[in-house]
Amino acid sequence: MTVFKNVDAPERFSWPAGKSCAVVVSVLFDDGLDAIARAPDLRNRSKSFSVWEYGARRGVDRLLELFDELALRTSWFVPGLVAQKHADLVRRISSSHEIACRGLAFEDFGVLPAEEHKEILLRSRAIIEDIAGRPADGFRLPQGRWPRHFDQCLVEAGFKWSASLNGDDLPYLHRSSLVEIPVHIELEDRPYFQFNFTPPFPKGLGRIASYDGVLHNWITEFDAYRRYGLCYVLQVRPEMLGTPGRIFILQDLLHHILDHDDVWLTTGGDLAAWAAQRVSPAPADHPLEVFEAYRREEACDE
């Protein structure tokens, strides 16, 4: 077996209590707003849209039952309108888990006027706090591009951390001191399981992935993250992993993770609070700063 040297990685993190790596299990509870954002006609196609409604009806309960069985705290990202629609469900989730924000109505902040950003963020955060009974300090970008200076806007709206960007596998700080917890699509369930046969949605997806294959991928990624001392952030959805068969993919993965006593299984908020005291702002050659430089040039060209 070839072992690759991690020569370009920053100095290995000193995770709490001598742990080898961090793991955050996050749940994206969008209740179909994500699907409608990509295919607005789904709202009027009851059969197809029922795939996404399944999450609130059955999937949330299965996830909560599994997490309770394993005594595991997780981070749930919920749009404000979904929290209002399923207030009792969100209160039940928040009794044991962290509730973070996912915008108000699954907006694309990248195309909205900058002056609207803070108002939407404040409204969505207030809704979550009112229903969950405590502040929502975390944020996950619903869709679209990360706007310029958006980290500063999040801080001004009261957020302390984000789990939205992809340019690293360790937490880092924006210039505003907002903590970023990087996420990656290979640790997300949607690419494997989002499917509607007729009409096809998303277009080009031919079949649902092998359950054994998905579990193998996620275990392989975890083993590598643990080897290199990184931050493993799983992203699951109630309508996709909360089915009778797929819940066992998550169960087997979590048992594999829990078999290792050198893993810090934590929430996004606890990870961010720890990282805020220990990590430095992203250096000039970090993907975040390279992207910001590109956006500045782009703005000048306009």
Side-chain angles (χ1 to χ4, degrees), residues 21 23-39 42 45 47-67 70 72 74-79 82 102 106 140-144 163-167 169 181-226 230-258 265 268:
C21 70
V23 171
V24 175
V25 177
S26 64
V27 181
L28 308 180
F29 182 24
D30 299 321
D31 195 41
L33 290 184
D34 53 332
I36 291 173
R38 299 171 65 187
L42 272 179
R45 286 162 33 202
K47 182 180 79 67
S48 296
F49 192 58
S50 66
V51 172
W52 282 267
E53 293 177 313
Y54 180 87
R57 185 170 293 120
R58 295 283 183 249
V60 167
D61 285 334
R62 286 199 180 95
L63 291 177
L64 290 177
E65 183 178 353
L66 175 60
F67 298 150
L70 299 177
L72 179 64
T74 60
S75 299
W76 292 62
F77 294 88
V78 187
V82 173
R102 189 115 149 107
F106 212 82
R140 173 78 156 84
L141 192 70
Q143 61 169 322
S164 303
L165 302 182
N166 318 110
D169 37 34
I181 301 173
V183 293
H184 295 281
I185 197 167
E186 63 269 20
L187 297 179
E188 188 174 346
D189 56 4
R190 184 167 63 185
Y192 300 108
F193 299 127
Q194 181 170 291
F195 179 74
N196 188 66
F197 184 66
T198 178
F201 177 75
K203 293 181 179 179
L205 183 60
R207 58 178 61 88
I208 291 174
S210 157
Y211 292 8
D212 287 342
V214 175
L215 177 60
H216 172 79
N217 289 356
W218 285 348
I219 287 177
T220 300
E221 290 289 334
F222 165 74
D223 290 344
Y225 275 64
R226 177 172 170 263
L230 305 175
C231 180
Y232 180 96
V233 183
L234 186 70
Q235 301 177 86
V236 302
R237 293 169 172 78
E239 67 273 17
M240 302 209 179
L241 259 287
T243 68
R246 294 177 197 161
I247 193 69
F248 292 102
I249 302 173
L250 183 58
Q251 182 185 65
D252 289 351
L253 171 67
L254 293 177
H255 277 299
H256 177 78
I257 293 172
L258 289 166
L265 258 165

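Positions are given from 1 along the sequence. What you see below is based on every heavy atom in this structure, not just the backbone, and it leaves out hydrogens, waters and symmetry mates.
Atoms CG and CD1, from Leu265 and Ile257 in turn, are 6.0 Å apart once rounded to the nearest 0.5 Å. Between the CG atom of Asp252 and the CD1 atom of Ile247 there is a distance of 10.5 Å, given to the nearest 0.5 Å. For the atom pair NE2 of His184 and CG of Leu165, the computed distance is 10.5 Å after rounding to the nearest 0.5 Å.
Looking at Arg190 and Leu28, their side chains never come closer than 4.5 Å, going by heavy atoms from C-beta outward. A heavy-atom distance below 4.5 Å is found between the side chains of Tyr225 and Leu187. Inter-residue side-chain proximity for Phe29 and Asp31 is flagged as met; some heavy-atom pair is nearer than 4.5 Å. The side-chain heavy atoms of Asp30 and Pro79, taken from C-beta on, include a pair separated by under 4.5 Å. Residues Arg140 and Val183 form a side-chain contact, since some pair of their non-hydrogen atoms from C-beta on lies under 4.5 Å apart. Side-chain contact check for Phe67 versus Leu254: some heavy-atom pair is nearer than 4.5 Å. By the 4.5 Å heavy-atom criterion applied to side chains, Trp76 and Val60 are counted as neighbours.
Checked against side-chain hydrogen bond (donor to acceptor under 3.5 Å, both in side chains), Gln143 has no partners two or more places apart in sequence or in another chain. In this structure, the side chain to side chain contact (heavy atoms under 4.5 Å, CB included) partners of Ile219, at least two apart in sequence or on a different chain, are Leu215, Asp223, Leu253, His256. The side chain to side chain contact (heavy atoms under 4.5 Å, CB included) search around Glu65 returns none, not counting sequence neighbours. For Asn166, there are no side-chain hydrogen bond (donor to acceptor under 3.5 Å, both in side chains) partners two or more places apart in sequence or in a different chain. Listed by chain and residue number, Arg92 satisfy the salt bridge (charged side-chain N to carboxylate O under 4.0 Å, His left out) test with Asp61 (two or more places apart in sequence, or in another chain). In this structure Arg58 satisfies the side chain to side chain contact (heavy atoms under 4.5 Å, CB included) test together with Tyr54, Arg62, sequence neighbours excluded. Every residue two or more places apart in sequence or in another chain was checked for a side-chain hydrogen bond (donor to acceptor under 3.5 Å, both in side chains) with Glu221, and none qualifies. Partners of Asp169 by salt bridge (charged side-chain N to carboxylate O under 4.0 Å, His left out), not counting sequence neighbours: none found. By the side-chain hydrogen bond (donor to acceptor under 3.5 Å, both in side chains) test, Ser164 pairs with Ser162, sequence neighbours left out.
Arg102 places a side-chain N or O within donor-acceptor distance of the main-chain N or O of Leu141, the cut-off being under 3.5 Å. A donor-acceptor pair under 3.5 Å is formed between the side chain of Trp218 and the backbone N or O of Glu186. Side chain of Thr74 to backbone of Ser26: no donor-acceptor contact under 3.5 angstrom is found.
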Mind listing the side-chain donor-acceptor pairs of residues 239-246 below 3.5 Å, one per line with the distance, residues two or more places apart or on another chain?
{"residue": "Thr243", "atom": "OG1", "partner": "Arg246", "partner atom": "N", "Å": "3.2"}
{"residue": "Arg246", "atom": "NE", "partner": "Tyr211", "partner atom": "OH", "Å": "3.1"}
{"residue": "Arg246", "atom": "NH1", "partner": "Met240", "partner atom": "O", "Å": "3.0"}

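The two residues Gln251 and Phe248 have their closest heavy-atom pair at OE1-CD2, 3.1 Å. Scanning both residues, Leu63 and Pro238, for their nearest heavy atoms gives CD1-CA, 3.7 Å. Across Gly268 and Val24, no two heavy atoms sit closer than the pair N-CG1, 3.8 Å.
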(message) Does Ile249 form a side chain to side chain contact (heavy atoms under 4.5 Å, CB included) with Phe193? I'd like the steps, not just the answer.
(response) CA-CA 12 Å; Ile249 302 173; Phe193 299 127; 3.8 Å; yes
(message) Could you go through Asp189 and Leu250, starting from their C-alpha distance and side-chain angles, then the distance that decides it, and tell me whether this counts as side chain to side chain contact (heavy atoms under 4.5 Å, CB included)?
(response) CA-CA 10 Å; Asp189 56 4; Leu250 183 58; over 6 Å; no
